[in-house]
Amino acid sequence: MPEQHYTLLAIDDHPLFRKGVSDLIDMDPSLELIGEAANGEDGLVLAREFNPDLILLDINMKGTNGLETLKAIKSFQLDSRILMLTVSDNEEDVLAALKNGADGYLLKDMEPEDILKSIRKAVEGTVVISDHLTQLLAKALREDDRLDTQSTMPDLTSREKEILQHIAQGLSNKQIATNLAISEGTVKVHVKHLLKKLNLHSRTEAAVWALNQGKKPSS
C-alpha cells in the first residue's frame, strides 16, 4: 500500500526560515511543500487555493499577523490543520492561538529533526506542543477561573468521554470516526457539545485540559 502523501503550506516572513523548512520537508518523501507565503495576506490566498493538509504559520509578521491569519483561515472552514511555528513563547500568544483553533504550537528553537518529527505527527492528526509550553498551558488552565470550579469531570456522556480521550491523544475527527465506527459529522457534533460543556474554545485546549486534569477519561 503506498504511503500517505501530505501537502503543506508555510507562511512566514523570514525567507531563510522558509528555506530551512523547505529543506526539512524535502527530507520526508511523504511530505510536499506546495506553497510559501511571506505574509498573512498572500498566505490566505494560497490557503484557499490549495487547501493543504497542514499550514505552518508564524505569529510575528508585518501586516496581517499570525493570529489574524489563523482566524481568517478558520473562517474559510478549510480542512487544513494549522501548526503555529514561531519564536514567541508569550503565554497570551500561545493561549490566543489555541483558543482560535490552532492544532499545535511549536517554537523555532527546537532541533530541526525534532521539528520535522513534530510536523509529521501534526499532519497525521496529533496535537503537538513544545514541552515547556505544555507546562505553561497547564499552569494557565489551572489558574483560569473557568476551570477552578471544575474539580470533577463535567457531565459528559460516555460517547463524549470516549471522544475526549481520542482528542487527548491528538487524533483528528476522521481518525476518531474510524476508531469509533461512526460518521465524521457525528464526531463534529460531539466535539461541539463537549467543548461547550468544558467551556473551552478548541480541541487543542480540550487535549491540554484532559492532560492537566490527569484524567484519561474512561472509555
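No hydrogens, no waters, no symmetry mates; every other heavy atom, side chains included, goes into these values. This chain uses plain numbering: 1 for the first residue, then up along the sequence.
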inquiry  = So that I can tick it off, tell me whether Lys117 and Glu113 are bridged by a salt bridge, with the cut-off set at under 4.0 angstrom between side-chain N and carboxylate O.
reply    = no
message = To the closest 0.5 Å, what do you measure between CG (Leu156) and NZ (Lys197)?
response = 5.5 Å
key: Atom of Ser88, atom of Asn60 and distance for their closest heavy-atom approach   = CB-ND2, 3.9 Å
task = Find out whether Asp13 and Asn39 are in side-chain contact, i.e. whether some heavy atom of one side chain is under 4.5 Å from a heavy atom of the other.
result = no
task = Only pairs at least two apart or in different chains count here, so list each side chain to side chain donor-acceptor pair (under 3.5 Å) that has a residue in residues 70-81.
result = Asn51-Ser80
query = Is there a donor-acceptor pair under 3.5 Å between the side chain of Asn65 and the backbone N or O of Ile59?
reply = no
ask   = In Å, rounded to the nearest 0.5 Å, how long is the span from NE2 of His14 to CE of Met61?
value = 10.0 Å
inquiry  = Less than 4.5 Å apart, side chain to side chain, heavy atoms only: is that true for Thr86 and Asp93?
reply    = no
ask   = Does the Thr7 side chain pair with the main chain of Asp53, one donor and one acceptor, at a distance under 3.5 Å?
value = yes
request  = Measure the spacing between CG of Leu107 and CD1 of Ile129 and express it to the nearest 0.5 Å.
outcome  = 10.5 Å
key: Minimal non-hydrogen separation, Thr69 against Gly40, with atom names   = OG1-CA, 3.4 Å
Expected output: side-chain Ser22 to main-chain Arg18 donor-acceptor under 3.5 Å = no
request  = Please test His193 against Arg159 for side chain to side chain contact (heavy atoms under 4.5 Å, CB included), starting from the C-alpha separation and ending with a verdict.
outcome  = CA-CA 11 Å; His193 288 167; Arg159 181 62 89 188; over 6 Å; no
request  = Could you identify which residues cluster with Leu16, counting Ile, Leu, Val, Met, Phe, Trp and Tyr as linked when any side-chain heavy atoms lie under 4.5 Å apart, either directly or through a chain of such contacts?
outcome  = none
ILVMFWY cluster membership beyond Val21 - transitive side-chain contacts under 4.5 angstrom = Tyr6, Leu8, Phe17, Leu24, Ile25, Met27, Leu31, Leu33, Leu54, Leu56, Leu83, Leu85, Leu106, Met110, Ile115, Leu116, Ile119, Val123, Val128
task = Answer yes or no: is there a donor N or O on one side and an acceptor on the other, between the side chain of Asp42 and the main chain of Ala38, under 3.5 Å?
result = no
Atom pair NE2 (His190) and CD1 (Ile176), whose distance is rounded to the nearest 0.5 Å = 10.5 Å
ask   = Would Ile73 and Leu44 satisfy side chain to side chain contact (heavy atoms under 4.5 Å, CB included), going step by step from the backbone distance to the final call?
value = CA-CA 7 Å; Ile73 292 174; Leu44 291 174; 3.5 Å; yes
request  = Indicate the atoms forming the closest heavy-atom contact of Ala97 with Met84, along with that distance.
outcome  = CB-CG, 3.8 Å
request  = Kindly indicate, with the supporting measurements, whether the criterion side chain to side chain contact (heavy atoms under 4.5 Å, CB included) is fulfilled by Ile55 and Phe50.
outcome  = CA-CA 10 Å; Ile55 297 173; Phe50 295 122; over 6 Å; no
note = What one should report as the nearest heavy-atom pair of Leu9 and Gly43 is CD2-O, 3.9 Å
request  = Go through the side-chain N and O atoms of His166 and Gln175 and say whether any donor and acceptor fall under 3.5 Å apart.
outcome  = no
ask   = Is it true that Glu124 and Lys121 have a side-chain N and a carboxylate O under 4.0 angstrom from each other?
value = no
inquiry  = Using the rule that Ile, Leu, Val, Met, Phe, Trp and Tyr join whenever any side-chain heavy atoms are under 4.5 Å apart, tell me whether Leu46 and Phe76 fall into a single cluster.
reply    = yes
Point-to-point distance, once rounded to the nearest 0.5 Å, from CD1 of Ile163 to CD of Gln165 = 11.0 Å
Side-chain (Ser130) to main-chain (Leu133) donor-acceptor, under 3.5 angstrom = no
task = Find the distance between CG (Leu70) and CD1 (Ile82) and round it off to the nearest 0.5 Å.
result = 5.0 Å
ask   = When clusters are formed by joining ILVMFWY residues with side-chain heavy atoms under 4.5 Å apart, either directly or through shared neighbours, do Val189 and Ile182 land in the same one?
value = no
query = Going hydrophobic residue to hydrophobic residue with side-chain gaps under 4.5 angstrom, can you get from Leu57 over to Ile34?
reply = yes
